[in-house]
Every structure is written in C-alpha cells, then in structure tokens.
Amino acid sequence: MPRGGLCDGHRIRELSTEVSSIMSTRLKNKVALVTGGASGIGEAICLRFAEEGAHVAVADLNPDAADRVVKKILEQEGEALGIKVNVCHQQEVQQMVKKALERLGRIDILVNSAGVSRILPFLETTEEIWDETLAVNLKGTFLCCQAVIPHLLKQGKGKIINLSSQSGKRGTSWYAAYCASKAGVIGLTQSLAMEFAPHRINFNAICPGIVFTSMWDKQLAQYGRKRGLTPEQAREYLISRIPLGRPAQPEEVANLALFLASDESDYMTGQALNLTGGQEMH
Ligand SMILES: NC(=O)c1ccc[n+]([C@@H]2O[C@H](COP(=O)([O-])OP(=O)(O)OC[C@H]3O[C@@H](n4cnc5c(N)ncnc54)[C@H](O)[C@@H]3O)[C@@H](O)[C@H]2O)c1
C-alpha cells in the first residue's frame, strides 16, 4: 500500500467488487412472493430483490408479463418463477402459495403490490367499480396474507409488505373507492402487525405518492377530466404539487421495500411509510 495509507487503483477496484458482493446479499437465501410483480412497482421490487440474492415468485394476473420479468431475472443469473393468479380468488391465492412453496422451497417475504385504480366522480362510481377496487386492493391483500402467514409462523420469522398509498392517508375527491381500499390496507397492516408481533412476523405498508407506471396510462386522462386539463397538462400539474419537484421512480419504492424485507428493519412493524417527495408528512 502506498504511503499515507492510500490504495492503488487496482486495490480500489478489488475493494469495490468486494463491497458490491457484500451489498448484493441483503436477501441471500430468502424467497419472496410478489403479487402484481409483472409491472411497475411490483416489477421493480422483483428485480431489486433478485439483485440482492432473493429467489422470487412473480405472481400476476398477466402471465406473459410475469414471464418477461422472470426472464430478466434469469438473465441476471437469479432464480425466479412466474405464477398466474387473480388475488381476488381465495382458491387461486392458495394455489399460488402452494406452487411457490413446491418450486422455491419456502416463503420469507410477501409483497402485496397487485392493485387497480380509477379516478371518477363519486356519483359515477358503480357498484362494480367499488367491488373490483376493494376486491383487488384490500381483499386480495387479506387473502394473500392469510395464505402465507401459516408458513411464516412455522419458520418463526417473516416480512409482509403491503402497497398502500398516500391516498390511504388522506381522502381525495373523485378517488373514493381507491382511498377507502388503501386506508383499509393500512388498518389491515396495523392489525396484523399487532397480532403477529409475538411471532416475529413484521407487517409494514408503503405509501407512495406519484409513480408514473402503467397505472397512470388511463388515470392521467381521468385526472385531466377532473381538472379540465389534457393528460400532458395533468401530468405537469401533478408534478408541480410535489415538494421535491418530480415523481418517484419505481426503483425508489423498491429500495424502501428492500429495507423492509431485509433484516435491517427487524425492529419496525405496523408502519405506513410515506414515499411522496414531501407531499404527505403524517
Ligand atoms: N403508481 C402509483 O402512482 C402508485 C401510488 C401509490 C400506490 N400505488 C400502488 O402500488 C401498487 C402497484 O402499482 P403500479 O403503479 O405498479 O401499477 P401497475 O398497473 O403498473 O401494476 C399493477 C399490477 O397488478 C396486477 N394486477 C391487477 N389486478 C390483479 C389481480 N386481480 N390479481 C393479480 N394481479 C393483478 C396487474 O396485472 C399489474 O401487473 C398498487 O397497489 C398501487 O395501488 C401506486
């Protein structure tokens, strides 16, 4: 080593390789099941978890899109499995868990990211829209938790991460069904955190603000209708209200999910964490 303790370039490269190999093992030997894993935030979570050594079950209503995510993970020499599921149906959820256990051996982490949303006036919210929103976002989360928890109990530890939203913290006009479903997810998360704390199963919710995934493809026009704006103007307007001045990237949500899935967050449970660029502070 040169005088003054400074390393040469070669040693620095060696060290950074060592550091990145340590850094990329935060979920080594863990198996994660991610619903809604084929798109947007769920996809970013699957890829980030796989980078950190997890074996990932990518569960989604859209099996082709799930297989595309699986392929990306396999290309990076990770391990992954695609599972078709509709999280609203108990039997399908049970089959999903069975398949993940058969093929990947265990489940340590569940991420409930499957979700739907619609922006429209309350008086136009049909019973069908209400039921679908509550069924995917809230009942789906309930069913997946109920199917996975018995396995976490047997293992004596586990992490469950539910995607709520800033809309779960604060009601917004034209968003009644979605806000109700996401507030429900926070209530469910807190209740399960209390019930299963003695069993070392941690439950936390993530409350993102604006993340321009495919969920916003139709929503920009819907939000534009609410404000009398074009979809592009609606996008600019939404961004202008974010204190940090930009939307979140799906990868930023994945980084928070990674922390919640890893041992680093063992002392955290029952939390609903904002990731909103400063828009929501409670
Ligand atoms: N994008 C945002 O701005 C934002 C903000 C706050 C919260 N969220 C929440 O984050 C989660 C992920 O959203 P996203 O932006 O990645 O959306 P997305 O539309 O990109 O992905 C949602 C995924 O869920 C799947 N899905 C829908 N219904 C399903 C069902 N019944 N069974 C199984 N899979 C189903 C879809 O096929 C899709 O792959 C959702 O719960 C959403 O409410 C998103």
Side-chain angles (χ1 to χ4, degrees), residues 33-48 57-70 82-97 100 110-119 129 131-144 147 161-170 172 175 177-186 188-189 205-220 222-223 234-235 238-239 241-242 246-254 256-257 272-277 279-280:
L33 170 60
V34 182
T35 74
S39 172
I41 292 170
E43 173 177 359
I45 290 173
C46 289
L47 297 175
R48 189 75 185 93
V58 183
D60 205 282
L61 195 57
N62 181 340
D64 294 338
D67 285 346
R68 198 176 36 77
V69 176
V70 168
I83 305 177
K84 180 178 172 7
V85 69
N86 183 339
V87 295
C88 308
H89 299 313
Q90 189 171 43
Q91 236 181 350
E92 287 192 34
V93 168
Q94 278 165 354
Q95 282 302 317
M96 166 186 77
V97 170
L110 166 67
V111 180
N112 286 298
S113 189
V116 291
S117 71
R118 188 95 68 104
I119 299 172
I129 292 171
D131 284 349
E132 194 208 353
T133 309
L134 272 288
V136 180
N137 298 359
L138 186 53
K139 182 182 163 186
T141 302
F142 153 71
L143 289 175
C144 293
I161 299 152
N162 296 326
L163 266 296
S164 176
S165 166
Q166 68 180 351
S167 305
K169 294 271 184 90
R170 189 185 296 260
T172 317
Y175 227 18
Y178 186 74
C179 289
S181 72
K182 293 299 182 180
V185 167
I186 294 176
L188 177 66
T189 304
I206 300 179
C207 301
I210 308 285
V211 195
F212 286 117
T213 62
S214 59
M215 182 164 268
W216 277 96
D217 289 352
K218 287 189 188 143
Q219 277 200 153
L220 278 177
Q222 294 163 1
Y223 192 79
R235 187 188 169 94
L238 285 162
I239 293 173
R241 295 178 3 156
I242 303 169
R246 64 170 179 85
Q249 296 302 316
E251 292 72 20
E252 293 177 300
V253 186
L256 179 53
L273 299 163
N274 299 319
L275 196 78
T276 62
Q279 259 192 307
E280 182 60 60

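Counting convention: from 1, in listed order, for ligands and their atoms alike.
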Give a yes-or-no answer on whether the side chains of T189 and N162 include a donor-acceptor pair shorter than 3.5 Å.
yes
Can you list everything that forms a side chain to side chain contact (heavy atoms under 4.5 Å, CB included) with N86? Sequence neighbours excluded, please.
L61, C88, H89, E92
Between the protein and ligand 1, are there any N or O atom pairs that come within less than 3.5 Å of each other, and if so, what are their names and distances?
unit_1   : atom_1 : unit_2 : atom_2 : d
ligand 1 : 1 (N)  : V211   : O      : 2.9
ligand 1 : 1 (N)  : T213   : OG1    : 3.3
ligand 1 : 3 (O)  : G209   : O      : 3.3
ligand 1 : 3 (O)  : V211   : N      : 2.9
ligand 1 : 3 (O)  : V211   : O      : 3.2
ligand 1 : 3 (O)  : W216   : NE1    : 2.9
ligand 1 : 15 (O) : T213   : OG1    : 2.5
ligand 1 : 16 (O) : I41    : N      : 2.7
ligand 1 : 20 (O) : S39    : OG     : 2.6
ligand 1 : 20 (O) : S214   : OG     : 3.0
ligand 1 : 31 (N) : N86    : OD1    : 2.9
ligand 1 : 32 (N) : V85    : O      : 3.4
ligand 1 : 32 (N) : V87    : N      : 3.0
ligand 1 : 34 (N) : L61    : N      : 3.2
ligand 1 : 37 (O) : D60    : OD1    : 2.6
ligand 1 : 39 (O) : D60    : OD1    : 3.3
ligand 1 : 39 (O) : D60    : OD2    : 2.7
ligand 1 : 41 (O) : S113   : O      : 3.1
ligand 1 : 41 (O) : K182   : NZ     : 2.8
ligand 1 : 43 (O) : Y178   : OH     : 2.6
ligand 1 : 43 (O) : K182   : NZ     : 3.1

Mind checking what makes side-chain hydrogen bond (donor to acceptor under 3.5 Å, both in side chains) contact with T172, not counting sequence neighbours?
none
Does any non-hydrogen side-chain atom of T276 lie less than 4.5 Å from one of K169?
no
How long is the straight-line distance from OG1 of T213 back to CD of Q219, given to the nearest 0.5 Å?
8.0 Å
Residues that F142 engages under ring pair (Phe, Tyr, Trp, His ring centres under 6.0 Å), provided they are two or more places apart:
none
